[in-house]
Every structure is written in structure tokens, then in C-alpha cells.
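Just so it is clear: chains get the letters A, B, ... in the order the sequence lines come, proteins before strands, and each one is counted from 1.
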Amino acid sequence: MIVIVTFLIVAMLAAAVSAYFFRDLLNAVIASCMVSLIAAVMFILLHAPDVAMAEASIGAALVTTVFVIAIRRTTRYEK
Amino acid sequence: MNEMSILDPVLLIAIPLGLAFLIPLLGLVSKKIVRWIPVVGFLFNGIVALLILPHVLKQPIIVKIGGFVPPFGINLYAGSVGMLLASLIAITGFLVSIYAVKYITKGAEQKYHILFLLLLTGATGVVLTGDIFNLFVFFEILCISSYALVAYLGTRSGLEASIKYLIQGSIGSSFLLIGIGLLYGQFGTLNMADLARQIVDYTEPSVFVSMVFMITGLGIEAAIFPLNAWLPDAHSSAPSSVSAVLSGIAIEVGLYAVIRVLFTIFAVSNFFIFFMVLGVLTVLIGEMSAFAQKNIKRMLAYSSIGQIGLIVFAFSISTQLGVAGGLFQMVSHTLGKALLFLCAGYMIFRTGSMEISSLEGIGKKMPITALCFTIGTFSIVGLPPFTGFASKFMIIRAALANGELLLQILIGLVLVGTIIEGAYFFKIIQTIYFKGAHKTDNREEAPVTALIPMLILVSFIIVIGMFPNIIDKVLQPAASELLDQVKYIGSVLG
Amino acid sequence: MRKCIGIILLIIIAWGILTSLQTMPFGVSRAKVANHYINNGKDETGAANIVTSVVINYRAFDTLGEVTVLFLSAIGLGAVLATIKTREKRDTEKASLILSTGCRFLFPPIILFGAYIFIHGHLTPGGGFQGGAIIASAFLLMYLGCHGEKRLNDRCSTFSESLGGLAFVIIGLIGLAVGTHYFLNNFMPLGKFNTLLSAGVIPIIYIAIGFKVGAELSKIIDLLMEES
Amino acid sequence: MNILYDYIYYAGAFGLIFIGIFTMMVKRNYIKVIIGLSILETGVNLFLISVGYISNGTAPIFSNPGIEAKNMVDPVPQALVLTAIVIGLAVLSLALSMAIRLYKHFGTLDLQQIKEQRW
């Protein structure tokens, strides 16, 4: 159990750090989507199924969609 | 008791929310009705708030939402402070929304009215609530509607200001939420009175950290000195009717939240010197920056920073007289600054420019607006017989009451700030009346819907300034409510 | 330069948080309020899902505020985007028949699933917000799959968001008017525990929220995607 | 091992919060700043949920009769986070609509350049 949790948290932090470093905004958005998804898994592990559902459907899916639409209507690369 | 159950303070929040949800439906029927909805809502709010006000002076009303006893459900605490500010919000909102009926012509009007209605509903919620997470939710309502309203005109400066405000404001909200989480982790409750009962010593490191988080988060909205980078841009590039409520109400409400958290939850008593110095710094920086401005709305925005500093200073004296003076200064700043922004709105609209130099000779073309503007500046600077004088006088009396040397020095610095304030406001008045009389292009007076709110505000300023006893009856119980933590806990938890 | 200031600031914050966290160890029960909800929530509200009973009953005022925030966001977004005059034109390929038929085929089940989630909010995990988000995802699928054919009906979405919000407020006001005179009081009979028709006003409020959230999230996506 | 287990969730949550704040402070691209905001919000939510956790607990739902009340995790932070997630979405979508407007007006998302070419 503890190994899984540690792995998840390290993966989550790695995703967050890579969201900081990516020059391509689309990649950064996908990385932050991954942060949200792993957070949803961790909510399940912390026995919060309601929040996990909300995080997966709102935090991961809809927020990413909104980001992608915004990037499509603006610009994709950070200079 | 029977009569009180009809006049429930929760109506002050529920009815405007319902009206805001109703606006899109009415918008399908008729576009004209929509702009009168906020007027109706705030008229209702004003009447209800003024009817409740005399009852709460004797004893606060605790509203249990959903019928659950306070630590378990959310409660509203309609005490003297809450109802004083709620009536102030309702009255200002009523006047500004009358003004906006004709003033807002560009953009998506219907959306403007919804946002405006909800902004002040959020403010009412903040001043009435007795639960810290509920405070956060209403703060978000207040903030999000302000972000959208600042960007409403879609100009470049408005957009940039709004983005700055949004970034700083959302960091502030996250900090507030972290502070709430830390408090919940330690004490297992979210009710203010219950927290206040359990927090014995605020200097304990863990409690102190959560307090710092909450104060930082709220301080961004209240624009206390190091956290106010967003304010001048946001207040100067919003539509004038919005600037009036942002300057007159939004930052005051933020400050109220800071004071409520400090006094009631943590019962802070010894680092007020720190806040006093911050307040004086805010006054001096705000007034000096205002002096250097050429743009009239930016000047008014910086002057708001100065006034906020004065209010912080008054509250941190933390005696009965000082707190009452701070509340009085809040009232007079709300009335005065709202009046100034409303007048400036039509002056800018008619001249088409925000530069002070372009206002030359407007005293002849728009005599009533210019007169109202002049009275507003006199009140803000603090000349008798207007409200500003009475409130500043009260603060000075409070500062000199103890005879401490430090307080005397600081109040001296505040007075220097006031002199700077006087200097730049008289510069504007000189421009309005005594310059550029040769200009002959025809500019008309502001329309009636704009003049009525201005004149009502002027009459308030004069009446309260001449007879400060009217409001003093509310201020004294309000100040003792803020200072008396034990009574607050007792009245909520029984 | 900015990085240095940032790192110093973060170190100060981290130090503060570390001192604070020592008083709140992980995984230990401590809350009096939470114990009350867990032990009495079942009897006082009639909902099997305690989170739902907290969200819709004990802390319903927060939820009303939350719904308002979402409403505000949709309105504010419309106000901000309304000032754009020129609409861009993009060359997009029309979706193939298989894709668009597949999307149309999937649309009703997704809506149904969303409705299931918010109707069963008081029994199983989920509720108005999650269900509303799922409904919005159905509309998103139609946008992506059936290019430009199905647009959100403006009037319909306005109706459902306004009526959803009004229903919430009106239920609250009914609670104020009847019975014990409390705003948002659970004035209806609680019914048999763990059945669909139980828990008083909770299912009704969740249905209203589901409609409102679904309409609003779809509207946000619609406003952002608007181009043709 | 025990100490690790005690603090690992908190460490994850505050790691996210710090990365988020750092991104918001350092980056100049507006969309990157908003990505930082979304990471920050996720971190705060994770922190709130882990405050309410109880060792060997169960989800606070009486889904079948055998579940006992005393082992349930704290439902209050879950309700708070539900609210916070929705508020986060509201702020993010408003912020992104402003990004679209910003790009229309200035042709760039770099906040530094925008500051320079404002007047």
C-alpha cells in the first residue's frame, strides 16, 4: 500500500514539475490533467468517492477541455 | 417574535440571489425590465435591513440555516456591525443601480446587471455570516463578479487590470482556504464562535500560522499596504458605477473580514502596533501616489488606498472609540467615494477623457455634478460640516485619548497624509471651476437618473455630518460587539 | 531574480506549515462536529450518503453559494467574450458518418447516466455537480463528433439554469415559511431509509442542481467554442 | 516507514501547492500561470481531504447495513472540497476566457510584453 501511495505521489509531483518545464502549452495542460487524475485516484485511496468523481469529471475532464479550447483559440507555444 | 420571523436576515441574501437567477428568464420576455431588477432588489434589501437594524442593537439575531444548532449547521450572525454594513451596502447598491440604468449602454447589459446584483449579495453574505467556510464562498462570489465587471468594457487596460486582479485574488483565496484547512485540522470545527471558544492562545505557532494565512488571503482583497498592487488598475479601468461599489464597498468588506477574524476568532491583542504602522504606511503611500496622478480615476483609486490605511489605523487603536471611529470612517468613505466615482463617471463620459486637465471649465457646463463632486471631495478630505470631518475627528480623539507618544507621532503622520489629500483634491476643484472658462463647447448636465443618486448621497453626507448622533447610536454597540469576544461566543453557542 | 524571491518566500511558507502540521497528525479522529454528522446524520436527514447530507442539508448555504459561483462564471464569461466582434473562421473537416452516428448513439445514454448520478445522490457517491458535469460531457461529445450540426439551444439552457437556481431558492423559502421557520429546512417527510424516495428535499435539490450545473457547464463550453 | 506514512499525503499536497505558487510567480505566459493556479487548487484540495482521513476508515456512506459509523472518515472536508473544486472550475474558465480576449487584443500571452505595450 505504502509503496503504491509513494509511487503515485512521486508521479504526481513529477507531472506537476514537468507542467512547469514544458514549452509546449498543450503538453503542459496534459501534464496538469495527469496531476488531477492521480489526485482523483488518491481521493479514492483516502475514502472520498464523491470528491474523486467530482475531481475526475470536473477537475480532469472539463478543465482540460476548457484549457485545450483556449489554447486552440490563442497560441500553442510559450516563447 | 412573530414579526421577527417574517423579517429574517437571511432574506437579505436569498431574495437577491433569487432575483439574479430570475433575470435571464425575464430577459427572454423584455430587455427593459432587467435593468430595474437590481433597483428593486436593493430597495427591498434596504427596507428590510433598516427594519431589522433597531432590533439587533439590543440583542443580535442568530439565524440557523436549516434549523441546525450552530456548531453543526451554518449560522448567520446579524449583529450591529453586520446590519450596519448590510444597510450601507443595500443603500449604496440601490443608489448606484439607479445610476447604472442609463449609464450602462455598451456590452451585454443583462449580464452587467446580474453581476452587479451578485457582487453586492456576496458582500452582504460576507458581513452577515458566522462560519469561516461560508465566508470563503461569499468572498469568491464577491471576487469573481468583480473580476468579470472590471473586464466588462473590454478595453485593453480593463483587461490587463482584471487579469492582474484575478491572479492575485485567486492566490489570496487559496491562502484563505489553506488557513481554513489548518484551522479545521486542529480544532475540528468551522463555526467562528466555536473556533473562538477553542482557541486559547493565538501565539501558539500552529494557530499563528493559520492566522497568517487567513489574514494574508483576506488582506489581498482588503488592499492593505504590501498586498494592494492590483487596486489602482482595477478600480480605475472598471466602468464608473462599478468603481463606485468596488472602492466604496468591496475593500471595506474585505477589511471587515480581516477585523472580524482578528478580533473575534483569534482575539488578538498585542501586535496592533504592527498594523498601526502598516496603516500609516498605507496612508502615506496611497496619498503620495495619488498626488502624482494625472488620471482622475487613478487618483480616486489611490485615495481609496489612503482611506483604507486610515481605517486600518483606527481599528488597530482597538479601544471602543477607535473601533467606532474606524466604522464611522468606513461609512463616510463609502458615501463619499461612491459619490465621487459617480460624478467622475459622467464628467468622463461627457468630456471623453480621464485626464484631469480635460475637466477644465466643467463647473460651468455641469453645475450640479460639479457641486456634488466638490462636496464629495470636501467630505473625503474631512472639512466640516460633512461626514468626513466627524469621522476623522473621532479617530483623532481616539488616538489622543491614551496620551501615548507613539500614537501621537503616528496620528501626526496621518494628518500629513490628509494634508496631501487636501492638496490634490483642491487642485482638481481649481481645475473644475477656475480654469479654462473660455471653452464654449456645449456639454449637457448628467441625466436625472444619475443626478438623483448623487443628490441623495450628498444629503446623506450633509445630514450625517451635521448630526453624527444619528449614527453614533449604531456605532457604539457595533464597536462593543467587535471588541467583546465572550459575548459573541455566548450569543451564538448559548 | 523573481525565482530567488519566490524560493525564499516558499521556504518561509514551508517552515510555517511544518510547525503547524506537527499538531495535526495524519489519520487520527478528532472532530466533534464530524462525529455528530456521522452518528446523527442518518436520522436527521435520511440520506445514506453522509457527504450528501452535509452538502445539501447541514451546509446547504455553502452549496447555494457554490451554485451561484458557477452561474456567475458562466455570466461573466459571456460578458467578457461578448465584446469580441469578429469571429474567426477555421477550415475544419466534416466528421464522417460513422463518427457522427456513433456520437449521436452515445448521447442519450450519457445523459441518462448523468441523470442517474444526480437522482441517486443521496444513496451512492455522486450528486448534482458530478451528474451535471457528465451531462456537460455529453454535449461536449456532440461538439467534437458532430461538427457544427447540433448547437446548444440557448432558450432551453437559459430555462434550465434559471429554473434550477430558482427551485433551490424557492425550496429554501418554503422551508422558511412552513414548519419551524428556518431557511433551507428539510421540511418534507424523510421516508424509508436507503430508498430512492427518501431524505426529504435532498433529491429535489440535487435534481435542480443537476439541471443547473449541466446547463451551465454546457453553456461555458458552448461560449468558448463559438466560432462559426 | 511509519513517519513516511504519516506525512506522505501532506508532502504531496504541499509539494503541489509550492509548485503551483512557484509557477504562478515565475512564469510570464498567462496560460502557464493559469496552469499553475489549477495545480495549486488541486494541492489545496488534496490537503483538505487528507486532513479528514482516519486510519483504516471507510467512506462515509451507509451503502450496506454492515457498515459501522465509528470507522467512517470525516465527511466535512469532502463537502468543502466538493465546493472548492466547482469554484476552481469557475475561476479557471473565467480566467481562460480572459486569455482569449487578451490574445485578440495584444496578439501575445506574455504578461511582461503586455505591460510594456499597454499605453
Side-chain angles (χ1 to χ4, degrees), chain A residues 1-3 5-6 8-23 25-26 28-29 31-33 35-40 42-55 57-60 62-79, chain D residues 1 4-5 8-9 11-13 15-16 18-20 22-23 26-32 34-36 38-39 41-43 45-46 48-50 52-54 57-61 72-73 75 77-79 81-82 85-86 88-89 92-93 95-97 99-100 102-104 107-110 113:
Chain A
M1 185 65 182
I2 183 78
V3 179
V5 170
T6 315
L8 281 177
I9 284 176
V10 170
M12 188 170 73
L13 291 178
V17 171
S18 53
Y20 173 83
F21 280 112
F22 277 133
R23 289 273 175 232
L25 290 174
L26 214 51
V29 167
S32 82
C33 169
V35 172
S36 283
L37 272 180
I38 298 176
M42 292 186 35
F43 289 149
I44 291 279
L45 293 179
L46 290 167
H47 300 296
D50 288 83
V51 182
M53 273 176 85
E55 180 74 35
S57 62
I58 295 176
L62 281 176
V63 167
T64 310
T65 314
V66 173
F67 266 117
V68 170
I69 297 170
I71 288 173
R72 197 184 65 154
R73 291 186 70 176
T74 55
T75 174
R76 187 171 159 180
Y77 293 98
E78 175 192 12
K79 267 158 247 139
Chain D
M1 211 54 171
L4 182 68
Y5 189 67
I8 186 97
Y9 282 102
L16 285 189
F18 289 153
I19 295 170
F22 192 67
T23 312
V26 172
K27 285 289 175 182
R28 301 196 314 200
N29 182 294
Y30 181 50
I31 288 198
K32 219 41 179 298
I34 305 174
I35 289 175
S38 101
I39 292 175
E41 274 164 359
T42 312
N45 294 344
L46 191 57
L48 282 173
I49 290 287
S50 35
Y53 182 72
I54 290 171
T58 58
I61 300 171
M72 284 183 174
V73 301
Q78 302 193 11
V81 170
L82 216 53
I85 288 176
V86 176
L89 171 67
L92 287 180
S93 50
L96 286 169
S97 76
I100 296 174
L102 201 65
Y103 192 70
K104 281 271 176 331
T108 175
L109 287 173
D110 190 326
Q113 280 184 27

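Proximity to chain D is absent for every atom of Ile44(A), based on heavy atoms less than 4.5 angstrom apart. Contact annotation for Ser93(D): both backbone and side-chain heavy atoms come within less than 4.5 Å of a heavy atom of chain A. Both the backbone and the side chain of Ile34(D) come within contact range of chain A, with heavy atoms under 4.5 Å apart. Using a 4.5 Å cut-off between heavy atoms, Leu46(D) contacts chain A through both its backbone and its side chain. For Leu109(D), the part lying under 4.5 angstrom from a heavy atom of chain A is the side chain only.
Residues Val29(A) and Ile71(A) have side chains in contact (heavy-atom distance under 4.5 Å, counting atoms from C-beta outward). Thr42(D) is listed as a side-chain neighbour of Glu55(A), based on a closest heavy-atom distance under 4.5 Å. By the 4.5 Å heavy-atom criterion applied to side chains, Tyr9(D) and Met42(A) are counted as neighbours. A 4.5 Å side-chain heavy-atom check between Leu45(A) and Leu8(A) finds at least one atom pair inside the cut-off.
Comparing Leu92(D), Leu82(D), Ile31(D) by heavy-atom pairs within less than 4.5 Å of chain A, the highest count is held by Ile31(D). Contact count versus chain D (heavy atoms, under 4.5 Å) is highest, among Gly59(A), Ala19(A), Ala39(A), for Ala19(A). The choice from Ile49(D), Val86(D), Val73(D) that makes the most heavy-atom pairs within less than 4.5 Å of chain A is Ile49(D). With chain A as the partner, the residue from Thr23(D), Ile35(D), Ile39(D) showing the most heavy-atom pairs under 4.5 Å is Ile35(D).
Relative orientation of the Tyr20(A) and Phe22(D) rings is tilted, given thresholds of 30° and 60° on the angle between their planes.
Listed by chain and number, the residues in a side chain to side chain donor-acceptor pair (under 3.5 Å) with Ser57(A) amount to none (sequence neighbours excluded). The side chain to side chain contact (heavy atoms under 4.5 Å, CB included) search around Leu13(A) returns Ile9(A), Leu16(D), Ile19(D), not counting sequence neighbours.
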